[in-house]
Amino acid sequence: MADSATCLVSGCTDAGSTKTLKVGREASFFEHPGIVENVVVYLGLYDVLNLGCCSKYLNGVSESDSTWKLLYKRRWKPQAAEDTQAPPANRKGWKAAYINRQKEHFSMILKVLAEVQERIQNDQLSSPAFHLGINHLRALGITYDDIYSLFFSKKLNVEFTMLGLYYAFFFHRISEEALKKAMAQRGVIDKKVCARWTLTRTSQYGYHIPEENYIRVRSLGRAVDMEMSFIYLMCQARQPCLHYQDGISAMSFSCKIPDLFEAEDEIECLKEKAEERDCSISQEAAQAAEEDPEAKAEEECLKKMDHGGEASSSSA
């Protein structure tokens, strides 16, 4: 039986003769032009750029003009219908054309963020301004690569990062774990955001229940961590509450953390460290007891004495 790593393929040449082609481990689909490029198109932009670090061959694929032509057509297909023969606006190649178009796209996104910035009052981004920014971003048709590159940046205000989180979760259906992983890669998962919201109450059984105001501070990693997370609450604040319904009438995000919450965070960190220290001490004590035969024998003797005492009290 032939080795699984090699196979014999018979074919006909132009002269009608038969030849045998031996395909081994060294001949893979990477050697066939066009296959890898069509696979690379479905990767994210950061993945395509990182692909060039894997090998010389993949570096050539990630830098090839044919790869960036396919990426350009896939990313900008409404505008790239007529740009199939030459890069638009320049002759430097399809990668340069992609980068130029992406810069223009980023400048439009930054204009939207500047408009949202103007609507921030008292360092708080209200829910109407938040959802107005979301609608403008939907009109631009931003992708998850745009959110990963621009919104998950350390230099960007945390209110704008919340815009990207909201858009990625509800419109691109990115999972919570994938968002946490992306924020950890970009180094923004521990940034803190302060949320304030007002919960309206209706009258029940003839009694009027007043409004309730809440304020919470969480890291971005916990902002998408549960069903009552900040992005879910902001989604509820999008729809106005009726007079006969309970709901969130107002909500806002802020990067300003109150001093009280900073002190509470320090206390929680100290408590966690104390609990970890107590747990490690108890584990070490348990391991020492298991390793010490005399202590184990003494413990068994005490157990027998306890059983004996219980038996004598029952007989009495």
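For reference, positions follow the sequence shown, starting with 1.
- Listed by chain and number, the residues in a ring pair (Phe, Tyr, Trp, His ring centres under 6.0 Å) with Phe169 are Tyr232 (sequence neighbours excluded).
- Residues passing the ring pair (Phe, Tyr, Trp, His ring centres under 6.0 Å) test with Phe152: none are found, sequence neighbours excluded.
- To the nearest 0.5 Å, the span separating CG on Leu132 from CZ on Arg119 amounts to 5.0 Å.
- Residues Ile99 and Leu49 do not share a hydrophobic cluster, clusters being chains of Ile/Leu/Val/Met/Phe/Trp/Tyr side chains in contact below 4.5 Å.
- Side-chain atoms of Ser127 do not come within 3.5 Å of backbone N or O of Ala250 as any donor-acceptor pair.
- Using a 4.5 Å heavy-atom cutoff, the side chains of Arg216 and Phe230 are in contact.
- In this structure, CG on Leu156 lies 6.0 Å from CG on Leu113, to the nearest 0.5 angstrom.
- Within the 4.5 Å cutoff, the side chain of Arg196 has no heavy atoms near those of the Tyr214 side chain.
- One N or O on the side chain of Thr161 and one on the backbone of Phe151 form a donor-acceptor pair closer than 3.5 Å.
- Between the Asp65 side chain and the Trp94 main chain, a donor and an acceptor come within less than 3.5 Å of each other.
- Summarising the geometry, atom NE2 belonging to His131 is positioned 9.0 Å from atom CE belonging to Met251; distances are rounded to the nearest 0.5 Å.
- Of all non-hydrogen atoms in Ser62 and Trp68, the two that sit nearest each other are O-NE1, 2.7 Å.
- Asn50 contributes a side-chain N or O that, together with a main-chain N or O of Tyr46, makes up a donor-acceptor pair within less than 3.5 Å.
- Minimum interatomic distance between Val193 and Met162 (heavy atoms only, all atoms of both residues): CG2-CG, 4.1 Å.
- Counting heavy atoms from C-beta on, the side chains of Trp76 and Tyr98 come closer than 4.5 Å.
- Below 30°, between 30° and 60°, or above 60°: for Phe253 and Phe130 the angle between ring planes is above 60°, a perpendicular geometry.
- Put simply, the side chain of Ile215 reaches to within 4.5 Å of the side chain of Cys194, judged on heavy atoms.
- A cation-pi arrangement is present between Arg186 and Tyr148 under the rule of less than 6.0 angstrom and at most 45 degrees off the ring axis.
- The minimum heavy-atom distance between Ser66 and Glu37, with the atom names listed, is OG-CG, 3.7 Å.
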Handout entry: Chi angles and distances behind the side chain to side chain contact (heavy atoms under 4.5 Å, CB included) call for Gln117, Phe160
Key = CA-CA 9 Å; Gln117 179 72 37; Phe160 300 143; 3.2 Å; yes
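- In this structure a side-chain-to-backbone donor-acceptor pair under 3.5 Å is missing from His105 to Ile142.
- In this structure the side chain of Leu110 reaches within 4.5 angstrom of the side chain of Leu150, judged on heavy atoms.
- A donor-acceptor contact under 3.5 angstrom links the side chains of Asp146 and Gln102, judged on distance only.
- Side chains of Val158 and Lys192 form no contact here, defined as non-hydrogen atoms less than 4.5 Å apart.
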Exercise for the section: Begin from the C-alpha positions of Glu115 and His136 and carry the test side chain to side chain contact (heavy atoms under 4.5 Å, CB included) through to its verdict. Expected result: CA-CA 10 Å; Glu115 294 177 2; His136 288 335; 3.6 Å; yes
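- For Glu63, the salt bridge (charged side-chain N to carboxylate O under 4.0 Å, His left out) test picks out Lys95, with sequence neighbours left out.
- In the hydrophobic clustering of ILVMFWY residues, with side-chain heavy atoms under 4.5 Å counting as a link, Leu71 and Tyr42 come out apart.
- Looking only at distances, a side-chain donor or acceptor of Asp145 sits under 3.5 Å from a matching main-chain atom of Leu45.
- When every heavy atom of Gly133 is checked against every heavy atom of Val112, the shortest pair comes out as O-CG1, 4.0 Å.
- The aromatic rings of Tyr166 and Phe171 sit tilted, their planes meeting at an angle between 30° and 60°.
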Practice task
Show your reasoning for whether side chain to side chain contact (heavy atoms under 4.5 Å, CB included) applies to Leu70 and Asn38.
Solution key: CA-CA 7 Å; Leu70 294 172; Asn38 283 279; 4.0 Å; yes
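- No donor-acceptor distance shorter than 3.5 angstrom exists from the side chain of Trp197 to the backbone of Ala237, with no hydrogens or angles considered.
- Atom NZ in Lys191 sits 7.0 Å away from atom CG in Leu220 (nearest 0.5 Å).
- Checked by atom type, the side-chain pair Arg101/Tyr72 shows a donor-acceptor distance below 3.5 Å.
- Annotation: Asn135, atom CG; neighbour count of heavy atoms from other residues, nucleotides and ligands within 6.0 Å is above 12.
- Taking CD from Glu177 and NZ from Lys181, the interatomic distance works out to 10.5 Å, rounded to the nearest 0.5 Å.
- Interatomic distance, Leu163 CG to Leu125 CG, rounded to the nearest 0.5 Å: 6.0 Å.
- A 4.5 Å side-chain heavy-atom check between Val41 and Thr67 finds every atom pair outside the cut-off.
- Thr198 and Asn213 share a side-chain donor-acceptor pair at under 3.5 Å.
- Counting only distance, with no hydrogens or angles, the side chain of Ser252 and the backbone of Gln124 share no donor-acceptor pair below 3.5 Å.
- A donor-acceptor contact shorter than 3.5 Å links the side chain of Glu159 to the backbone of Cys255.
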Practice task
Could you walk me through whether Val40 and Val36 pass the side chain to side chain contact (heavy atoms under 4.5 Å, CB included) test, one step at a time?
Solution key: CA-CA 6 Å; Val40 168; Val36 182; 3.9 Å; yes
